[in-house]
2 protein chains.
Amino acid sequence: MAADKKGGVWEKPLTPVMEDYLEAIYELHSDEDIKAIRVRDIAKKLDVKMPTVTSMLKVLNDRDLVNYEKYEYLELTDKGKGIGREMKKRHHIIRKFLTSVLNIDMKTADEEACKMEHALGSSTMESLTAFMEFIQVCPRAGDDWVAHFQAYQQHGRRPEACKEKFEHFKCETAGESAISGKCCMEEKMNLSQMKEGQKGRIISVGGEIRLRRRIIEMGLSRGVYFRVEKYAPLKDPLELNVNGNHVSLRVKEAAGIIVEPGDGKGVSNE
Amino acid sequence: MAADKKGGVWEKPLTPVMEDYLEAIYELHSDEDIKAIRVRDIAKKLDVKMPTVTSMLKVLNDRDLVNYEKYEYLELTDKGKGIGREMKKRHHIIRKFLTSVLNIDMKTADEEACKMEHALGSSTMESLTAFMEFIQVCPRAGDDWVAHFQAYQQHGRRPEACKEKFEHFKCETAGESAISGKCCMEEKMNLSQMKEGQKGRIISVGGEIRLRRRIIEMGLSRGVYFRVEKYAPLKDPLELNVNGNHVSLRVKEAAGIIVEPGDGKGVSNE
DNA sequence: TATCAAAGTTAGAAACATCTAACAAAAAGG
DNA sequence: CCTTTTTGTTAGATGTTTCTAACTTTGATA
């Protein structure tokens with residue numbers, strides 16, 4: 001439990017859930033359609049049942065974050081208001097980053113911002129804010145640059161001006177640049193090391209140029225996901241499923257293909 | 001609870017904590033110093049007590065994510081390994097973004113990556129990966145650009161090439177660009193609207209040029225944090241605390257100063 | 001103004017992740 | 001091989017957030 005003092009008195013840190021309630025109530029405060037904030041509204045906004053709200057309000061009241069007495073009107077204290085405002089601000093900045101830089105759709109961005117706003121410290125938030133300001137205030141590095149990124153993201157195309165320096169960017173994370181030198185963040189292995197049934201993603205295709213072209217013509221190029229359908233090590237051929245298509249490969253050919261295991265999913269929170 | 005099927009059978013999504021355990025165990029697998037994974041090691045890595053690990057291992061065993069029998073050796077199943085690998089990859093990419101783009105120190109970045117890795121969906125992760133690749137693969141837009149950002153962050157200085165376009169960047173978030181036009185993500189108000197004891201940050205200083213210069217000479221420029229020490233509305237003067245210094249302002253002067261309430265902190269998770 | 005639906009509350013239970021205290025097995029060291 | 005230390009387990013409790021079911025208050029309306 002993180003230590004935190006205020007006015008000399010020990011204070012437990014707020015939980016993420018408490019922050020969510022404060023943010024929700026803060027937003028209801030500024031909702032024109034709503035004059036008095038009701039338990040009902042909070043429950044709806046957070047998608048929980050009313051008794052859950054009631055019990056949380058007691059907790060928040062004890063911690064001097066809302067003024068709450070049963071059956072009475074409800075409002076945030078100054079302290080609660082400050083936190084609610086901060087959460088709302090974080091939410092906005094993070095969502096903006098997700099939508100306008102990473103190109104995520106608004107609905108997903110909103111959901112993920114909801115979780116991220118509890119994960120970042122205030123100095124990270126300051127940096128992210130500066131980042132977003134910079135992108136807006138400096139279109140040369142900003143808009144243009146974001147557009148370049150998005151082209152890269154969609155077609156793998158880099159702006160002409162960058163190509164000259166392509167080969168010699170350096171890898172900072174020691175010990176990981178071994179195989180392909182293309183990127184420092186994947187965990188790479190050889191296609192011929194994968195087991196039957198495993199999924200993966202192509203990182204690079206090596207070997208002699210004509211062979212490489214043939215492999216790429218089969219649809220096996222950087223970024224493509226596949227599944228190993230059949231493979232008894234050292235026993236040809238190896239069979240892949242690429243976007244529903246069946247592809248056969250000699251083991252010797254597979255040895256030149258660097259892949260990253262995993263399908264990028266397989267995680268619960270979605 | 002998010003719906004999720006696999007092989008036709010209903011499957012509860014993993015909790016973030018379960019993902020943390022899988023990631024920790026996955027990392028122990030690849031630790032050279034450790035031949036057999038012990039409850040002890042996991043407990044140490046996650047900073048929990050051993051009984052906590054034991055009970056989690058039972059859960060993970062029931063869900064077919066580890067092979068565990070009491071007092072016996074322990075290992076991840078293929079399913080568990082896939083998730084552990086994915087979490088580790090996410091952790092790396094996020095941490096790299098935090099350290100090399102946002103300029104956060106490694107320790108903080110590591111802690112925050114730990115939380116963020118549960119907040120992002122796989123398509124967001126793909127975008128972020130592409131983002132980091134782009135920065136590395138395309139130094140013109142990447143290194144140079146990151147360097148420009150970091151200068152902006154530290155000294156508020158933009159590269160010469162950007163200045164021409166300064167005034168007309170547009171704000172996408174409707175209804176928020178009202179007051180200063182400087183940024184779309186703060187909740188702005190007038191300094192004279194703030195109450196005694198509140199904290200805030202200067203967004204812009206308006207008014208006649210000589211007055212403005214005088215105010216800025218007192219240390220009240222964009223980005224500076226302050227606290228309202230004394231202020232009875234409409235009753236001069238208003239007193240601020242700026243980095244420990246006392247500053248007095250006439251209410252008329254304060255009316256031209258746009259601020260954002262809050263000190264950027266006031267949130268628990270740090 | 002008496003009645004009834006909507007809004008809110010209490011009480012009690014459950015899931016999750018954690019802990020401490022006490023006990024049990026395995027490993028190490030003579 | 002017996003003793004001690006280290007490692008691991010069980011049992012039981014706590015705190016947080018949620019739920020359902022049953023009850024109470026408020027306030028709209030007939």
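Order of the sequence lines fixes the chain letters, A, B, ..., with proteins taken first and strands second; residue numbering starts at 1 for each chain.
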Tell me every residue that passes side-chain contact (heavy atoms from CB on, under 4.5 Å) with B:E196, counting only those two or more places apart in sequence or in another chain. B:K230

What contact category does B:K58 fall into here, base, sugar-phosphate, or nothing, at under 4.0 angstrom with non-hydrogen atoms?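 Sugar-phosphate: the residue B:K58, judged by heavy atoms under 4.0 Å, touches backbone atoms but no base.
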
A:K199, NZ atom: more than 12 neighbouring heavy atoms under 6.0 Å: no

Considering residues at least two apart in sequence or located in another chain, which fulfil the salt bridge (Lys or Arg N to Asp or Glu O under 4.0 Å) criterion with A:D78? B:K195

What residues form a salt bridge (Lys or Arg N to Asp or Glu O under 4.0 Å) with B:K81, not counting sequence neighbours?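 Per chain and number, B:K81 pairs via salt bridge (Lys or Arg N to Asp or Glu O under 4.0 Å) with no residue.
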
Considering just the side-chain nitrogens and oxygens of B:Y73, establish if one lies under 4.0 Å of OP1 or OP2 belonging to C:dA26.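 No, no such contact exists.
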
Between C:dA7, C:dA25, C:dT10, which one does the side chain of A:R38 approach most closely? C:dA7

Side chains of B:E75 and B:H29, donor plus acceptor under 3.5 Å: no

Find every protein N or O atom lying less than 3.5 Å from an N or O atom of nucleotides 1-3 of chain D, and list the pairs.
none

Gap between atoms CD and P, on B:E72 and D:dT7 respectively (whole Å):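 To the nearest whole Å, that distance equals 18 Å.
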
Whole-Å gap separating C1' (D:dT9) and CZ (B:R40): 15 Å

Would you list the atom pairs, donor with acceptor, under 3.5 Å between side chains in residues 44-52 of chain B and any protein atom, with sequence neighbours excluded?
{"residue": "B:K45", "atom": "NZ", "partner": "B:E27", "partner atom": "OE1", "Å": "3.4"}
{"residue": "B:T52", "atom": "OG1", "partner": "B:K49", "partner atom": "O", "Å": "3.4"}

Taking the six-membered ring for Trp, are A:Y26 and A:Y21 closer than 6.0 Å centroid to centroid?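 Here the rings of A:Y21 and A:Y26 have centres that are no less than 6.0 Å from each other.
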
Atom pairs, N/O to N/O, protein against nucleotides 16-20 of chain C, distance under 3.5 Å?
{"residue": "C:dC16", "atom": "OP1", "partner": "B:K12", "partner atom": "NZ", "Å": "2.9"}
{"residue": "C:dA17", "atom": "OP1", "partner": "B:T15", "partner atom": "OG1", "Å": "2.5"}
{"residue": "C:dT18", "atom": "OP2", "partner": "B:Y21", "partner atom": "OH", "Å": "3.1"}
{"residue": "C:dC19", "atom": "OP2", "partner": "B:K49", "partner atom": "N", "Å": "3.0"}
{"residue": "C:dC19", "atom": "OP2", "partner": "B:T52", "partner atom": "OG1", "Å": "2.5"}

Between B:R90 and B:E86 (salt bridge meaning N to carboxylate O under 4.0 Å), is one present in this structure? yes

